Protein chains: 2
Amino acid sequence: MSTKRVEQLHAQGVRTRAHLLESAREAFSTCSDASLNSIAKKAGVGIGTLYRHFPTREDLIFELYRGEVQQMAQAADDLLEEHPPLNAFRLWLNRFARYAMTKAGLIGALQSATSRGRFAQEARGPLTAALQRLLDANRAAGTLREDLEPDDVLLAIAGLYQLDPAGDWEPRARRLLELVFVGLCRRDP
Amino acid sequence: MSTKRVEQLHAQGVRTRAHLLESAREAFSTCSDASLNSIAKKAGVGIGTLYRHFPTREDLIFELYRGEVQQMAQAADDLLEEHPPLNAFRLWLNRFARYAMTKAGLIGALQSATSRGRFAQEARGPLTAALQRLLDANRAAGTLREDLEPDDVLLAIAGLYQLDPAGDWEPRARRLLELVFVGLCRRDP
DNA sequence: TTGCGTGGCGGAGACCTCTCCGGTACGTTG
DNA sequence: CAACGTACCGGAGAGGTCTCCGCCACGCAA
């Protein structure tokens with residue numbers, strides 16, 4: 001059975017990958033800047049193997065949180081169904097902030113995600129798509145400025161990444177989001 | 001002459017420090033992420049010596065740009081004298097953006113300057129003081145919101161640090177600053 | 001003059017990131 | 001069944017960050 005064999009070969013890679021992810025999740029939950037070295041060791045594979053599966057640290061972290069990023073994207077749609085557009089947008093921003101701050105590993109990846117890089121393409125993809133839907137809905141409702149692009153929003157809330165997740169970030173995040181929110185609103189003529 | 005000798009002793013340290021700064025400036029102007037190793041080597045001192053003078057990479061970078069940071073702070077006063085407060089504020093933000101982007105090394109230091117750390121205390125000191133004066137002037141003029149703190153502004157423009165200094169950052173920076181500016185303005189009743 | 005205290009120096013060493021390439025084991029093919 | 005291809009694995013090695021500690025040189029006091 002050639003296909004079965006091929007799948008078995010694949011299966012070994014898949015298993016290794018799973019081990020890696022598992023030990024990474026464990027390591028990052030303990031310490032947000034765990035070394036890739038220690039993760040590979042804990043997974044019982046060589047460091048080279050880790051790097052072949054996840055060429056950069058961000059790849060690994062993003063893979064860990066892929067599901068949750070998509071969940072964030074989904075949340076945009078859910079909120080849009082249950083709330084008027086402007087409220088949905090505001091709630092989504094809050095949720096984003098909270099999410100980014102509580103997942104310490106993710107925030108590091110977000111922080112180093114500049115314009116290019118794999119994170120930009122893969123994580124920002126779903127995120128920008130979700131933001132686009134939120135912006136569209138608000139455009140239709142006439143609540144937000146009409147010339148906004150998702151990147152503008154992502155850039156405006158970048159200050160979140162400066163906050164210390166272990167510290168007193170909530171009031172500062174609230175102030176930041178409020179400020180951004182006002183900036184995004186349509187100026188009444 | 002004890003004091004003279006002491007000064008000579010000091011002088012040696014000062015000279016080493018100057019060498020370090022000189023080769024650091026040279027290295028960073030070529031390549032914004034030069035290794036501290038290479039800087040020490042170029043200065044003809046051991047790596048340990050570099051670290052004693054500048055315990056962290058940020059310390060070194062900040063020291064390189066200390067004068068220019070103070071210049072930024074001074075610019076706030078100059079602008080306030082020559083322009084109405086709101087304009088001064090806007091111009092200062094633009095200048096800040098341009099400055100942060102053109103000094104590739106500095107932006108790295110700014111980027112990693114979270115709430116604590118030496119940069120926060122030393123670089124943000126002058127910067128927050130300057131911002132405070134700008135905010136005060138605008139408060140007096142009734143142009144900006146009255147509950148603003150310098151940190152709010154610094155956080156709001158943190159998106160600048162995500163921009164790629166080598167890329168097409170200007171339009172995005174302009175959009176960001178405009179957005180922030182609107183968010184900072186006093187809401188007309 | 002001869003220790004002695006001290007500020008400054010240097011680099012070995014621990015640990016990390018990332019690359020590169022030889023080894024291995026499984027599946028295919030003659 | 002023997003030989004080969006290929007996907008996957010492992011770790012040595014280059015080069016970086018940062019710490020730590022022995023060393024030196026100089027000024028001072030006896």
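Predicted, not measured: the structure shown is a model, and the values here were computed from it.
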Side-chain N or O of A/Thr16 closer than 4.0 Å to phosphate OP1/OP2 of D/dC9: yes
Nearest-Å distance for atom pair CG/C1', residues A/Asn37 and D/dG10: 13 Å
How long is the line joining CZ of A/Phe54 and P of C/dC18, in whole Å? 15 Å
If I compare all heavy atoms of B/Ala130 with all of B/Ala76, which pair ends up nearest, and what's the gap? CB-CB, 3.8 Å
Begin with the C-alpha distance, continue with both residues' side-chain angles, and end with the deciding distance and a verdict on side-chain contact (heavy atoms from CB on, under 4.5 Å) for A/Phe181 and A/Leu86. CA-CA 10 Å; A/Phe181 195 73; A/Leu86 196 61; 3.7 Å; yes
With a 4.5 Å heavy-atom cut-off, do A/Trp169 and A/Leu160 have their side chains touching? no
Of the listed D/dC18, D/dC9, C/dT17, the closest approach to the A/Arg57 side chain comes from C/dT17
What is the distance, rounded to the nearest whole Å, between atom CZ of A/Arg17 and atom C1' of D/dC9? 16 Å
Could you state the NZ-C1' distance from B/Lys41 to D/dA14, rounded to the nearest angstrom? 12 Å
Close side-chain approach of B/Leu131 to B/Phe89, heavy-atom, < 4.5 Å: yes
Can you tell which of C/dT17, D/dC9, C/dC9 lies closest to the side chain of A/Thr49? D/dC9
Figure out the CG/P separation between A/Leu50 and D/dG10, and round it to whole Å. 11 Å
How are the rings of B/Phe96 and B/Tyr161 set relative to one another: parallel (under 30°), tilted (30 to 60°) or perpendicular (over 60°)? tilted
Between atom CD1 in B/Ile39 and atom P in D/dG15, what is the gap in whole Å? 17 Å
Candidates C/dT19, D/dG10, C/dC16 - which lies nearest the side chain of A/Ile47: C/dT19
Starting from C1' on C/dG8, measure out to CD on B/Gln12 and report it in whole angstrom. 7 Å
Between A/Arg52 and A/Asp33, which is nearer to the 5' end of DNA chain C once each is assigned its nearest nucleotide? A/Asp33
Rounded off to whole Å, could you give me the NE2-to-P distance for the B/His53 and C/dG8 pair? 7 Å
Considering only side-chain heavy atoms of A/Tyr51, which listed nucleotide, C/dC9, C/dT19, D/dC18, is closest? C/dT19
Give one of base, sugar-phosphate or nothing for B/Ser38, where a contact means two heavy atoms less than 4.0 Å apart. nothing
